[in-house]
Amino acid sequence: MNAYDFSSIEAKWRKQWREDQVYRIENNSEKPKFYVLDMFPYPSGAGLHVGHPLGYIASDIYSRYKRANGYNVLHPMGYDAFGLPAEQYAIQTGQHPAKTTEENIARYREQLDLIGFSYDWSREVRTSDPKYYKWTQWIFIQVFNSWFNKATQKAESIDTLISIFENEGNTEVNAANDADYNFSGGDWMGYSEKRQQEILLDYRLTYISNSLVNWCPALGTVLANDEIKNGVSERGGHPIEQQKMRQWSMRISAYSERLLQGLEKLDWTDSLKEIQRNWIGKSIGAAVHFQVADSDHRLEIFTTRPDTIFGATFMVIAPEHEFVEDLTSNDQKEAVEGYILKAKAKTERDRMSDVKNITGVFTGSYVEHPFSGEKLPIWIADYVLAGYGTGAVMAVPSGDQRDWDFANHFDLPIPAVIEGSDVSEGANEDKGGVLINSDFLNGMKVKDAIKKMLFELESKEIGEKQINYRMRDAVFSRQRYWGEPVPMYFKDGVPYPVAEKDLPIELPEVDKYLPTEDGQPPLGNAKDFTYSPEGDNNSYPIELNTMPGWAGSSWYFMRYMDPQNSDEFVSKDAVDYWQNVDVYLGGAEHATGHLLYFRFWTKVLNDLGLVPFDEPAKKLINQGMIQAEDGQKMSKRYGNVVNPDDIIGEFGADTLRLHEMFLGPIEQHKPWNTKGIEGVHRFLKKLWRLLHDNDGNFTFSEEKANKDELKALHKAIKKVSDDNERFSFNTSVSTFMIAVNELSDLKCNKREVIEPLLVLMHPHTPYITEEVWSLLGNKERIVLAEWPAFDKSHLVESSYAYPVSFNGKMRFKIELPLDLGKEEIEKTVLASDEAAKYLEGTAPKKVIVVPGKIVNIVV
RNA sequence: GCCGAAGUGGCGGAAUUGGUAGACGCGCUGGAUUCAAAAUCCAGUUCCUUCUGGGAGUGCGGGUUCGAUUCCCGCCUUCGGUACCA
């Protein structure tokens with residue numbers, strides 16, 4: 001044996017570990033469980049660059065560390081394999097996306113294997129595998145067969161709703177729904193099956209609706225709100241249009257409150273929780289009904305400031321508001337129609353870039369102010385959004401800047417209702433003031449005035465307290481090929497779920513991946529894509545939309561627990577043992593997408609009694625991005641991609657792992673640094689030299705370790721344990737370096753010290769530690785070794801070099817026994833020659849002594 | 001605009017509970033070894049300075065404290081989220 005030959009060492013152990021199946025984990029164990037999960041990747045054609053494995057390395061270190069500490073650690077990996085790029089490629093080349101996906105996965109696997117991860121690959125999942133998406137479809141059907149009971153704040157089986165309908169109709173039921181009609185139990189019993197199914201669809205947790213969606217013509221599909229950034233598609237940056245389309249949606253809005261409250265008990269970063277809170281967007285206010293003058297209509301508005309109602313001088317409704325036509329007077333008809341036409345023509349982007357441009361039109365109608373009786377004009381303006389609240393607001397120009405801008409532009413009155421407001425300059429949105437010009441609210445503080453007004457509104461029956469959420473239901477249809485088929489067929493225009501025994505509905509073959517000529521999604525190209533339920537000779541059309549990318553990733557963590565189960569999505573035993581994820585690692589960019597849907601599905605499955613927890617991941621760590629050396633994003637386009645395979649070829653996987661960790665804190669963004677890699681590589685060579693003589697022969701000693709050697713070791717045990725516990729893997733690397741430097745200085749290659757050190761380092765650098773471990777004659781793999789116990793007696797010192805400060809500035813050190821009392825310390829320090837120099841003969845004003853820490857002298 | 005996170009040497013970063021600022025590594029400088037190089041080793045490396053010493057210093061300005069990178073107030077910059085949410 002000679003120099004540190006990482007290539008052959010790593011190849012040897014890669015093979016050996018695979019043969020020994022050292023990373024295989026059982027569902028039955030006496031040990032406590034621990035679940036460490038990485039966000040699984042989409043296998044793109046470009047392969048991995050050095051930024052991708054950062055989080056995987058960190059989670060691998062943590063998994064190995066936990067395993068060494070006696071846990072049964074579930075640490076799996078798989079692929080989020082459905083997605084747009086494979087399909088775009090298929091459209092261009094005609095290759096089946098399954099084929100390119102397969103190839104990309106093989107490439108990913110090769111790269112991941114080189115790095116030496118401890119994944120239990122027997123548990124791999126792929127969302128595009130029919131054996132997997134069978135259960136995605138099955139969960140979809142469970143969601144379809146559920147409704148949300150607002151009284152219990154839980155999803156329940158649709159059967160309980162049906163029996164309520166049979167007995168008492170829908171007037172009393174408190175459900176999340178889209179039904180704007182009432183019926184009695186008798187009515188229900190008299191309805192046709194079709195009508196009943198249509199009604200149920202308004203209550204189901206997944207439902208079909210004709211709703212305004214974000215249509216992306218370039219991608220040929222609709223997109224969810226979280227897939228749009230700055231008014232264009234996140235993928236590709238294409239323009240978005242608002243369109244009414246028939247879509248499947250999921251009623252995530254029913255879970256707004258629980259998704260919000262659930263954040264409290266999660267150990268996620270504050271910034272990530274804040275992003276989710278903002279996205280959910282809870283606001284507490286009041287719904288107020290304004291009687292439209294000379295009309296039967298009552299205009300319902302939402303406001304968070306009911307106290308400012310006396311400052312309302314006009315109403316504004318969205319261009320899409322349902323009353324637009326009814327409220328438009330004859331002489332305003334032309335103007336209104338022109339305005340609405342213009343508003344419709346604007347894309348999302350135009351509207352956003354047009355914020356400063358104030359537009360609007362008067363309808364010709366008025367409402368009556370419920371307290372003053374004054375007539376207030378109703379305007380239409382696109383600064384009011386149809387999708388939020390009721391799509392109508394009472395405009396209080398002195399209290400809301402947007403209303404102020406609008407009033408200022410159209411010359412409408414701006415009366416102040418808060419003391420001290422300067423309405424000539426702008427609105428006063430401060431909630432700390434006192435009410436004026438407001439009848440019975442005069443002199444009250446805003447908070448009290450809101451309470452009083454709510455009471456008045458409710459007693460006059462013209463309004464009530466209301467809570468609104470910004471988060472909308474999630475569109476669940478994609479007009480694409482490469483996704484899970486929706487397991488629904490249509491009979492008489494009504495959707496029915498496919499029977500469980502007929503799942504999965506497999507993706508049919510098509511001859512082209514584009515929409516059909518009559519505008520159907522790509523699945524419309526399939527021949528005979530129909531379904532015949534048992535006992536029915538007819539065949540019915542199957543839903544042609546596929547599921548969105550987030551479907552498979554919303555529950556994958558459960559499948560890893562029991563990946564081969566063909567009878568259940570996961571067995572009760574497995575999910576009871578493994579529970580939810582203890583540590584989840586991934587990027588913060590999934591804050592409003594994956595991480596919300598992931599929580600949502602978990603809550604639904606929990607409500608339905610299918611899993612015993614209602615949050616998927618207790619702790620979440622967001623790893624930062626590695627930028628290219630030039631500070632830019634690492635991308636093929638800029639030609640600055642660093643491939644981990646190349647680094648491994650030149651320095652080995654241990655060096656790559658160590659270097660990625662040494663770059664800085666895991667959650668921080670940081671540029672790749674090629675120079676620094678030689679430093680960690682040198683360190684590994686130094687470790688190697690510690691155990692090899694000048695001729696390259698392996699050498700070590702069986703002698704007992706002395707005090708200094710044990711001190712160096714136990715200092716490292718303590719520090720590395722602490723650091724690993726708090727995911728500070730960069731500082732554990734520097735601790736290894738310090739330990740090896742000290743042992744090199746001490747010329748210590750004693751087994752008693754080296755073996756525990758190897759175990760400490762093993763999570764970071766599995767290959768070299770396993771090699772040395774086996775050279776030391778160990779038969780068991782280091783992968784299975786126990787974490788060394790820390791013994792603080794090795795660190796106990798009898799004296800300490802006290803830093804002595806004058807006015808907080810460290811001047812010199814003085815070695816004193818640690819058992820010395822405060823007074824003696826003070827006396828000894830003040831009597832020292834060193835101190836005399838700084839005291840210059842004067843007595844100190846004050847002396848602070850913190851035993852074992854510091855001495856500070858004030859002069 | 002609003003919300004969140006962060007600003008420390010030439011560079012990546014460390015300082016975990018208010019207690020020696022700059023650990024560890026890179027880079028750089030000088031030296032040893034070598035015919036030479038690679039590799040390795042040793043010493044130095046925050047800045048200023050009148051250099052056996054002194055002064056300044058953790059984005060900027062204040063404050064609390066014997067003592068502040070750490071706590072408080074006000075600003076600046078960078079990054080991330082969000083974008084008329086009533």
Side-chain angles (χ1 to χ4, degrees), chain A residues 3 229-231 269-279 281-283 285 301-305 308 316 351-356 358 381-385 387-396 399-403 405-406 429 468-472 588-589 591-592 622 624-625 658-659 662-665 667-680 682-683 685-686 689 694 719 722-723 725-726 728 730-738 741 744 801-813 837 844-850 852-859:
Chain A
K229 294 272 133 82
N230 299 320
T269 62
D270 288 336
S271 86
L272 199 117
K273 290 204 255 188
E274 202 56 30
I275 291 170
Q276 291 211 343
R277 280 189 200 108
N278 292 340
W279 187 261
K282 180 179 185 173
S283 60
I301 63 97
F302 174 72
T303 177
T304 55
R305 291 293 300 276
T308 61
V316 188
R351 234 174 118 149
M352 280 174 56
S353 58
D354 225 18
V355 170
K356 291 282 165 297
I358 294 161
D382 65 4
Y383 83 87
V384 170
L385 304 174
Y388 183 74
T390 57
V393 303
M394 67 173 195
V396 182
D400 183 289
Q401 193 54 44
R402 293 155 305 177
D403 296 344
D405 291 340
F406 193 83
E429 301 188 344
N468 261 335
Y469 300 91
R470 195 187 78 116
M471 185 169 64
R472 308 262 61 91
E589 65 273 19
T592 55
N622 294 122
M625 243 159 27
L658 214 51
H659 180 58
F662 198 47
L663 240 25
E667 65 277 7
Q668 219 164 74
H669 295 290
K670 56 226 153 191
W672 180 255
N673 171 323
T674 303
K675 273 283 184 337
I677 199 161
E678 300 190 12
V680 291
R682 271 200 278 266
F683 158 69
K685 286 201 280 192
K686 190 163 185 179
R689 271 202 315 278
N694 289 337
K719 181 84 168 94
D722 286 355
D723 288 349
E725 211 58 71
R726 63 194 175 100
S728 177
N730 54 328
T731 51
S732 33
V733 176
S734 79
T735 307
F736 302 149
M737 291 174 169
I738 291 167
N741 286 345
S744 295
Y802 277 89
V804 179
S805 304
F806 285 77
N807 296 332
K809 193 104 199 155
M810 209 280 284
R811 292 303 177 182
F812 62 89
K813 288 186 190 173
K837 217 163 78 188
K845 285 192 187 129
K846 196 169 181 182
V847 180
I848 286 98
V849 177
V850 184
K853 279 259 161 75
I854 196 167
V855 176
N856 190 23
I857 298 166
V858 187
V859 291

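All values below come from the heavy atoms of this structure, side chains included, with hydrogens, waters and symmetry mates left out. Here the structure is a predicted model, which is why all the values come from computation and not from measurement. Residue numbers start from 1 in every chain, and the chains themselves are labelled A, B, ... in the order their sequence lines are given, proteins ahead of strands.
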Enquirer: Provide the distance between the two C1' atoms, one in B/U8 and one in B/C73, to the nearest whole Å.
Expert: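 That atom pair is separated by 22 Å.
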Enquirer: Using a 4.0 Å heavy-atom cut-off across all strands, classify A/N730 as base, sugar-phosphate, or nothing.
Expert: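 Sugar-phosphate contact only - A/N730 comes under 4.0 Å of backbone atoms but never of a base.
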Enquirer: Determine the minimum heavy-atom distance between A/S805 and A/I854, stating which atoms define it.
Expert: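 The pair with the smallest heavy-atom distance is OG-CD1, 4.0 Å.
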Enquirer: What is the distance from CG of A/D270 to C1' of B/A6, rounded to the nearest Å?
Expert: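 Atom CG in A/D270 sits about 14 Å away from atom C1' in B/A6.
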Enquirer: Quickly work out the A/N741 CG to B/A23 P distance and round it to whole Å.
Expert: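 So the two atoms are 13 Å apart, to the nearest Å.
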Enquirer: Taking the C1' atom in each of B/U69 and B/U20, what is the distance between them to the nearest angstrom?
Expert: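 B/U69 and B/U20 have their C1' atoms separated by 14 Å.
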Enquirer: Suppose you measure atom C1' in B/G54 against the same atom in B/C66; what distance do you get, rounded to whole Å?
Expert: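 Their C1' atoms lie roughly 23 Å apart.
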Enquirer: Look at all strands and tell whether A/K719 reaches a base, only sugar-phosphate, or nothing, counting heavy atoms closer than 4.0 Å.
Expert: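 The residue A/K719 makes base contact.
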Enquirer: Check whether any side-chain N or O of A/H669 sits under 3.5 Å from a backbone N or O of A/M625 as a donor-acceptor pair, and report yes or no.
Expert: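 It does hold such a pair.
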Enquirer: When you measure from the side chain of A/N856, which nucleotide among B/C66, B/A15, B/A86 comes out closest?
Expert: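 Per side-chain heavy atoms of A/N856, the pick is B/C66.
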Enquirer: Taking CG from A/L272 and P from B/C3, how many angstroms apart are they, rounded to a whole number?
Expert: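 About 18 Å, once rounded to whole Å.
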Enquirer: Quick one, give me the B/S/- string for nucleotides 30-35 of chain B, reading 5' to 3', where B means a protein heavy atom under 4.0 Å from the base and S means that only happens at the primed atoms, P, OP1 or OP2.
Expert: ------
Enquirer: Let me spell it out: for each of A/K846 and A/V733, pick the nucleotide of RNA chain B with the closest heavy atom. Which residue's pick is nearer the 5' end?
Expert: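 Per heavy-atom nearest nucleotide, the more 5' residue is A/V733.
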Enquirer: Taking the nucleotide of RNA chain B with the closest heavy atom to each, which residue, A/K809 or A/I857, is nearer the 5' end?
Expert: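 The residue mapped nearer the 5' terminus is A/K809.
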Enquirer: Can you tell me if A/Q668 touches the phosphate of B/A6, counting only side-chain N or O atoms and a distance under 4.0 Å to OP1 or OP2?
Expert: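 For B/A6, neither OP1 nor OP2 has a side-chain N or O of A/Q668 closer than 4.0 Å.
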Enquirer: Identify whether any heavy atom of A/R472 sits under 4.0 Å from a base atom; if not, whether one sits that close to sugar-phosphate; answer base, sugar-phosphate or nothing.
Expert: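 Nothing, no nucleic acid heavy atom in range.
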Enquirer: I want to verify a distance call: between B/G27, B/A86, B/A14, whose nearest atom is closest to the A/R682 side chain?
Expert: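 For A/R682, the side-chain atoms sit closest to B/G27.
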